[in-house]
Amino acid sequence: MALKFYNSLTKKKEIFTPLHEGRVTLYVCGPTVYDHPHIGHAKSYVSFDVIVRYLRYLGYKVRYVQNITDVGHLTDNADTGEDKIVKRAQREHVEPAELVEIYTRSYFEDMDALNNVRPDISPRATAHIPEQIELLEKLIEKGYAYVSHGSVYFEVQKFKEYGKLSGRKQEELDAGARIEINPEKRNPSDFALWKRAEPGHIMRWKSPWGEGFPGWHLECSAMSMKYLGQTIDIHGGGLENIFPHHECEIAQSEAANNQPFVRYWIHNNMVTVNGQKMGKSLGNFITLKDAFKKYRPLTVRFFILTTHYRSPLDFSNEALDAADKGLERLYNTIQHLRERLAYAQDGSTPPHLYERLEHYKKAFIEAMDEDINTSDAIAVLFDVSKEVNTLLNSGEEIGKKCLEDIHALYQQLGGDILGIIPDVLESEQKGETDTLKNIMGMLIDTRCELRKAKQWQLSDFIRNKLLEVGITLEDKPDGTVWRKIK
RNA sequence: GGCGGCAUCGCCAAGUGGACUAAGGCCACGGUUUGCAAAACCGUUAUCCUGGGUUCGAAUCCCAGUGCCGCCUCCA
């Protein structure tokens with residue numbers, strides 16, 4: 001068994017081996033913080049979060065870097081648009097720095113809600129201007145970049161391997177169906193490394209070529225080199241960034257360093273909404289904050305993971321509702337397990353229990369090894385639940401140790417690796433619990449007496465009323481349990 | 001126009017040459033359990049877009065067709 005990744009560069013699944021044994025360097029293209037994060041961000045970052053979690057589970061020491069783009073991302077790729085940050089700051093009448101702060105916080109807030117582990121380093125482009133300038137100087141010195149009217153461009157023709165990731169041919173690029181001719185460039189496909197700041201442009205830094213600001217592609221090269229070295233193990237990002245962003249990163253980095261930039265390129269697929277591409281211009285944009293009003297963040301996470309990261313994900317209410325119910329099913333089992341655990345005693349081990357647990361664990365790991373097949377991995381969790389439910393309902397005494405070990409399996413696979421099983425379920429949440437628990441205890445005791453006396457009308461009345469306030473009762477052979485529902 | 005991807009049960013979605021008489025979830029129906037429920041369990045539901053081909057053997061490979069989608073503007 002070995003972990004395999006589909007490498008976009010070679011277009012093949014490959015067994016993963018890190019450059020340095022036991023350590024993995026991972027860079028994922030982070031957000032441009034000019035708006036609230038949307039469900040597309042969620043798919044991308046949940047996907048890579050699970051990859052990071054799994055690598056760590058396998059025992060690798062992972063350094064996970066994910067940038068925050070706070071300058072240089074233009075509104076189009078022809079190097080002629082406005083800076084997104086500047087544009088949006090003007091619209092919202094705030095300082096660019098303020099805007100960046102607002103949306104960076106919003107970003108982390110939503111990622112935290114999705115239970116993504118924070119990157120080890122979240123470097124900002126504006127905090128790495130010297131590193132970027134240094135890289136530029138190196139590229140100019142080596143003849144890959146040229147200065148033109150205070151801007152610096154990368155001369156694509158000089159880098160023979162340009163196109164190796166995206167499959168674009170040099171000639172096609174120059175034919176440039178939609179690239180506007182920029183007279184400052186030697187060739188239409190050359191891309192900006194550094195842009196001259198026009199008078200009145202707010203975000204500007206001093207450079208050997210006058211005041212300006214860095215191009216979007218440059219930051220990722222500079223920052224990944226700084227924190228992860230000249231060759232990194234994994235670079236991740238959305239499919240749509242293969243061209244031009246990642247192609248440009250390769251060109252800059254490899255031209256500067258004369259060695260491979262990335263060993264495994266991993267790209268996640270896109271989100272559609274009701275079968276349609278999600279885009280700003282189409283107006284079918286769903287922010288996470290909006291999605292969370294309707295669905296729990298972990299439902300969104302679970303939903304994302306039911307599809308493979310390289311497949312497109314269609315976001316629809318029906319699909320989310322189905323995911324939510326499925327997740328609820330998993331949670332029910334876990335809650336019952338935890339309740340049972342609370343009063344379990346030492347006792348016997350059900351026959352073959354440990355063989356079964358081992359079997360499921362193995363199946364789960366095999367799924368994850370196969371290019372992070374979370375869909376299969378989740379199916380394994382449902383298989384486990386089926387068996388555990390049967391066991392819990394069997395009426396047999398189960399030793400505490402066994403219950404703990406079952407629970408540990410869930411925590412490891414569903415909790416640590418997939419991040420869909422929290423330590424405390426919503427239905428178990430504290431807060432008002434002490435009071436609530438007491439009141440519920442009273443109600444359940446009362447109702448229990450009523451049921452003994454076959455006062456069905458009254459006992460059903462209590463149950464229905466509780467349901468109205470979002471609490472469901474389940475009468476089990478060994479007593480009544482309650483839980484909050486959504 | 002160039003490049004790439006996808007098409008599997010009512011819906012979502014794994015599987016990419018042989019344990020597939022195709023996983024898992026949702027929905028539906030029947031049953032067990034229950035005072036009735038809930039939860040849970042059991043059962044029922046597909047030959048894999050179409051047509052050719054390769055192979056002892058294909059959902060899985062090749063060719064053609066049809067349909068959908070993405071990138072080359074915005075966007076993870």
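Lettering follows sequence order; numbering is per chain, from 1.
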Discussion item. I'd like the C1' distance from U16(B) over to A22(B), given in whole Å.
Written reply: 13 Å
Discussion item. For Glu249(A) and His245(A): C-alpha separation, side-chain torsions, deciding distance, then whether side chain to side chain donor-acceptor pair (under 3.5 Å) applies.
Written reply: CA-CA 6 Å; Glu249(A) 282 185 46; His245(A) 188 50; 2.9 Å; yes
Worksheet item: Which base, if any, makes a Watson-Crick or G-U wobble pair with C3(B), both distances under 3.5 Å?
Response: G70(B)
Worksheet entry | SB check Glu366(A) Lys362(A) (cutoff 4.0 Å) | yes
Worksheet item: Is it true that Glu370(A) and Lys4(A) make a salt bridge, defined as a side-chain N closer than 4.0 Å to a carboxylate O?
Response: yes
Fill in: Rounded distance in Å between the P positions of G15(B) and C61(B)
12 Å
Worksheet, complete the sentence: Per-nucleotide protein contact along nucleotides 17-27 of chain B, 5' to 3', at a 4.0 Å heavy-atom cut-off (B base, S sugar-phosphate only, - neither), is ------BSSSS
Item to complete: Show the numbers, then the answer: is there a side chain to side chain contact (heavy atoms under 4.5 Å, CB included) between Asp70(A) and Tyr34(A)?
Response: CA-CA 8 Å; Asp70(A) 56 359; Tyr34(A) 68 107; over 6 Å; no
Fill in: Phosphate contact (A39(B) OP1 or OP2) by Asn332(A) side-chain N/O below 4.0 Å
no
Worksheet item: Of all the choices, A76(B), A14(B), A37(B), which nucleotide is nearest to the side chain of Arg463(A) once you look at every atom?
Response: A37(B)
Worksheet entry | Position toward the 5' end of RNA chain B (nearest nucleotide), Pro31(A) or Pro312(A) | Pro312(A)
Worksheet entry | Nucleotide forming a Watson-Crick or wobble pair with C27(B), both distances under 3.5 Å | none
Item to complete: State the syn/anti category of A19(B) according to its glycosidic angle, syn meaning within 90° of 0.
Response: syn
Per-pair distances, 0.1 Å, donor-acceptor, side chain in residues 447-454 of chain A, under 3.5 Å, sequence neighbours excluded:
residue	atom	partner	partner atom	Å
Arg447(A)	NE	Ser459(A)	O	2.9
Arg447(A)	NH1	Asp475(A)	OD1	3.1
Arg447(A)	NH2	Asp475(A)	OD2	3.0

Item to complete: Determine the interplanar angle of the His201(A) and Phe213(A) rings, folded into 0 to 90°, and report it as parallel if under 30°, tilted if 30 to 60°, perpendicular if over 60°.
Response: parallel
Worksheet item: When the P atoms of G35(B) and C27(B) are considered, how many whole Å apart are they?
Response: 25 Å
Worksheet entry | Asp460(A), nearest nucleotide to its side chain (from G35(B), A40(B), A76(B)) | G35(B)
Discussion item. Work out how far the P atom of C26(B) is from that of G43(B), and round it to whole angstrom.
Written reply: 15 Å
Item to complete: Determine the Euclidean distance between corresponding P atoms of A7(B) and C62(B); express it in Å to zero decimal places.
Response: 13 Å
Worksheet entry | Nucleotide opposite U34(B) in a Watson-Crick or G-U pair, distances under 3.5 Å | none
Item to complete: Go ahead and name the base partner of C49(B); Watson-Crick or wobble counts if both distances stay under 3.5 Å, otherwise write none.
Response: G65(B)
Worksheet item: How would you label the contact of Leu392(A) with the nucleic acid (heavy atoms, under 4.0 Å): base, sugar-phosphate, or nothing?
Response: nothing
Discussion item. Using atom P in both nucleotides, what's the gap between C20(B) and G2(B) to the nearest angstrom?
Written reply: 43 Å
Worksheet item: If only side-chain N and O atoms of Lys277(A) are considered, is one of them under 4.0 Å from the OP1 or OP2 phosphate oxygen of C71(B)?
Response: yes
Worksheet item: Picking from C72(B), A14(B), C36(B), which would you name as closest to the side chain of Thr307(A)?
Response: A14(B)
Discussion item. If I pick the C1' atom on G67(B) and the same atom on U8(B), what distance separates them, to the nearest angstrom?
Written reply: 16 Å
Discussion item. Under 4.0 Å between a side-chain nitrogen and a carboxylate oxygen: does that hold for Arg463(A) and Glu468(A)?
Written reply: no
Fill in: Nearest to side-chain heavy atoms of Asn373(A), which nucleotide of C71(B), A39(B), G15(B)
G15(B)
Worksheet item: What is the nucleic acid contact for His308(A), judged by heavy atoms within less than 4.0 Å: base, sugar-phosphate only, or nothing?
Response: sugar-phosphate
Item to complete: May I ask you to check whether over 12 heavy atoms, not counting those of Lys87(A), lie within 6.0 Å of atom NZ?
Response: no
Worksheet item: Distance between the P atoms of G24(B) and A14(B), in whole angstroms?
Response: 15 Å
Worksheet entry | Sugar-phosphate only, base, or nothing, as touched by Thr272(A) at under 4.0 Å among non-hydrogen atoms | nothing
Worksheet item: Is any N or O donor-acceptor pair between the side chain of Arg310(A) and the base of G5(B) shorter than 3.5 Å?
Response: no
